[in-house]
Visitor: 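Handing you a structure now.
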Amino acid sequence: MSLRLFSILLPALAAFVCSIPHASAQGRRTVALTSSQGATASAYLYEEVDIHPSFPGGDHKMYSFINSERRYPAKAYDAGIEGRVLISCIVEANGDISHIEVVKGVEDSLDREAVRIIESMPRWEPGVIGDEPVDTYCLIPVPFRL
């Protein structure tokens with residue numbers, strides 16, 4: 001393999017390996033995250049916990065909360081922009097939400113509004129493995145419809 005090809009493939013391989021979920025000591029997969037502010041954390045994947053984290057009152061209450069909190073940005077509203085922003089976050093063992101990031105954005109003002117909504121959420125019921133609350137990685141879609 002030529003040195004040029006190797007120098008192109010090595011960074012791609014390193015990025016791929018860093019994004020692969022890791023196995024925890026309990027044999028359950030975790031993911032390591034670094035926030036945009038540089039904070040790092042490790043959390044169990046949503047599918048790996050015995051009891052999933054939940055918004056107080058369940059998914060229906062979560063979407064009611066999102067709908068009541070959402071302030072459609074004027075710029076996006078005037079331009080007729082709509083879509084679904086996909087947010088990743090960690091529901092910590094104490095129920096706090098951290099490491100909020102846009103995974104799939106729609107438009108900058110909608111992305112910022114989706115992050116604001118998730119940041120304003122109340123404390124969740126954490127994910128549980130056995131009898132222990134654990135940090136859990138979650139994906140939350142935030143819809144914007146006109």
Side-chain angles (χ1 to χ4, degrees), residues 7-146:
S7 66
I8 293 171
L9 291 178
L10 186 61
L13 179 61
F16 175 74
V17 169
C18 290
S19 68
I20 295 174
H22 307 284
S24 72
Q26 298 167 327
R28 297 177 191 246
R29 294 178 301 154
T30 61
V31 64
L33 300 173
T34 302
S35 73
S36 57
Q37 293 81 25
T40 60
S42 178
Y44 288 94
L45 295 176
Y46 184 85
E47 304 82 22
E48 297 293 328
V49 297
D50 299 330
I51 300 173
H52 295 138
S54 62
F55 184 87
D59 287 349
H60 178 73
K61 291 285 187 184
M62 179 181 69
Y63 284 106
S64 293
F65 177 87
I66 289 171
N67 289 334
S68 67
E69 286 293 310
R70 183 178 42 235
R71 294 185 223 132
Y72 217 110
K75 175 184 165 188
Y77 183 85
D78 293 343
I81 300 170
E82 58 184 13
R84 182 174 30 204
V85 178
L86 186 60
I87 299 288
S88 70
C89 63
I90 293 178
V91 176
E92 296 180 4
N94 67 2
D96 287 344
I97 298 175
S98 67
H99 292 77
I100 300 166
E101 300 287 334
V102 174
V103 174
K104 181 177 181 280
V106 173
E107 184 270 338
D108 193 46
S109 66
L110 296 182
D111 298 351
R112 284 193 311 272
E113 177 62 5
V115 168
R116 186 197 66 78
I117 292 168
I118 302 302
E119 287 175 339
S120 69
M121 285 185 165
R123 188 171 275 182
W124 285 40
E125 291 297 319
V128 176
I129 294 178
D131 293 331
E132 292 292 319
V134 295
D135 294 352
T136 309
Y137 177 78
C138 296
L139 295 173
I140 304 170
V142 180
F144 290 89
R145 294 185 199 97
L146 296 174

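These numbers come from the heavy atoms of this one structure, side chains and all, not from hydrogens, waters or symmetry mates. Just so we're clear, the structure is a prediction, and the values are computed from it rather than from any experiment.
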Visitor: What's the shortest heavy-atom distance between V103 and I87, and which atoms?
Guide: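 Looking at all heavy atoms of both residues, the shortest contact is CG2-C, 4.3 Å.
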Visitor: Run the side-chain contact (heavy atoms from CB on, under 4.5 Å) test against S98 and tell me which residues pass, sequence neighbours left out.
Guide: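 Checked S98 against side-chain contact (heavy atoms from CB on, under 4.5 Å); matches are I90, E92.
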Visitor: Mind checking the CD1-CE spacing from I140 to M121? Nearest 0.5 Å is all I need.
Guide: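 Rounded to the nearest 0.5 Å, the CD1-CE separation comes out at 5.0 Å.
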Visitor: Should the heavy atoms of other residues, nucleotides or ligands under 6.0 Å from CZ of R84 be counted, would the total exceed 12?
Guide: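 Open.
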Visitor: Provide the closest heavy-atom pair for L139 versus P141 in the form atom of the first, atom of the second, distance.
Guide: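 Looking at all heavy atoms of both residues, the closest pair is O-CD, 4.0 Å.
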Visitor: Test: salt bridge (charged side-chain N to carboxylate O under 4.0 Å, His left out). Region: residues 36-57. Which pairs qualify, not counting sequence neighbours?
Guide: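 Qualifying pairs, neighbours excluded: R28-D50, R29-E48.
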Visitor: Scan residues 117-141 for pairs that pass side chain to side chain donor-acceptor pair (under 3.5 Å), counting only residues two or more places apart or in two chains.
Guide: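 Those involving residues 117-141 are D96-R123.
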Visitor: What is the distance from atom CD1 of I118 to atom CD of E101, rounded to the nearest 0.5 Å?
Guide: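 Separation between the atoms: 12.5 Å.
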Visitor: Where is the tightest heavy-atom contact between C138 and Y46, given as atom of each residue plus distance?
Guide: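 Of all heavy-atom pairs spanning C138 and Y46, the closest is SG-CD1, 3.9 Å.
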Visitor: Which pair of non-hydrogen atoms, one from V134 and one from V49, has the smallest distance, and what is that distance?
Guide: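 So the two residues come closest at CG2-CG1, 3.8 Å.
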Visitor: Hey, is the main chain of I117 close enough, under 3.5 Å, to the side chain of E69 for a donor-acceptor pair?
Guide: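 No, the answer is negative, given that no donor and acceptor are paired below the 3.5 Å cut-off.
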Visitor: Sequence neighbours left out, what passes ring-ring contact (aromatic ring centres under 6.0 Å, His included) with Y63? Give chain and number order.
Guide: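 Listed in chain order: nothing, the list is empty.
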Visitor: Mind listing the closest non-hydrogen atom pair of V142 and I66 along with its distance?
Guide: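 So the minimum-distance heavy-atom pair works out to CG1-CG2, 3.9 Å.
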Visitor: V106 vs F144, test: side chain to side chain contact (heavy atoms under 4.5 Å, CB included). Steps then yes/no.
Guide: CA-CA 9 Å; V106 173; F144 290 89; 5.8 Å; no
Visitor: Nearest 0.5 Å, what's the NZ-CG distance between K61 and D59?
Guide: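 With rounding to 0.5 Å, NZ (K61) is 12.5 Å from CG (D59).
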Visitor: Report, one line per pair, each donor and acceptor closer than 3.5 Å where one atom sits in a side chain of residues 71-79; sequence neighbours left out.
Guide:
residue, atom, partner, partner atom, Å
Y72, OH, I81, O, 2.4

Visitor: Please list, chain by chain and in numerical order, all residues satisfying salt bridge (charged side-chain N to carboxylate O under 4.0 Å, His left out) with R112, sequence neighbours excluded.
Guide: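 Here the qualifying residues are D108.
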Visitor: Can you give me the closest heavy-atom contact between C89 and I100, atom names plus distance?
Guide: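 Heavy atoms only, the tightest pair is CB-CG1, 4.0 Å.
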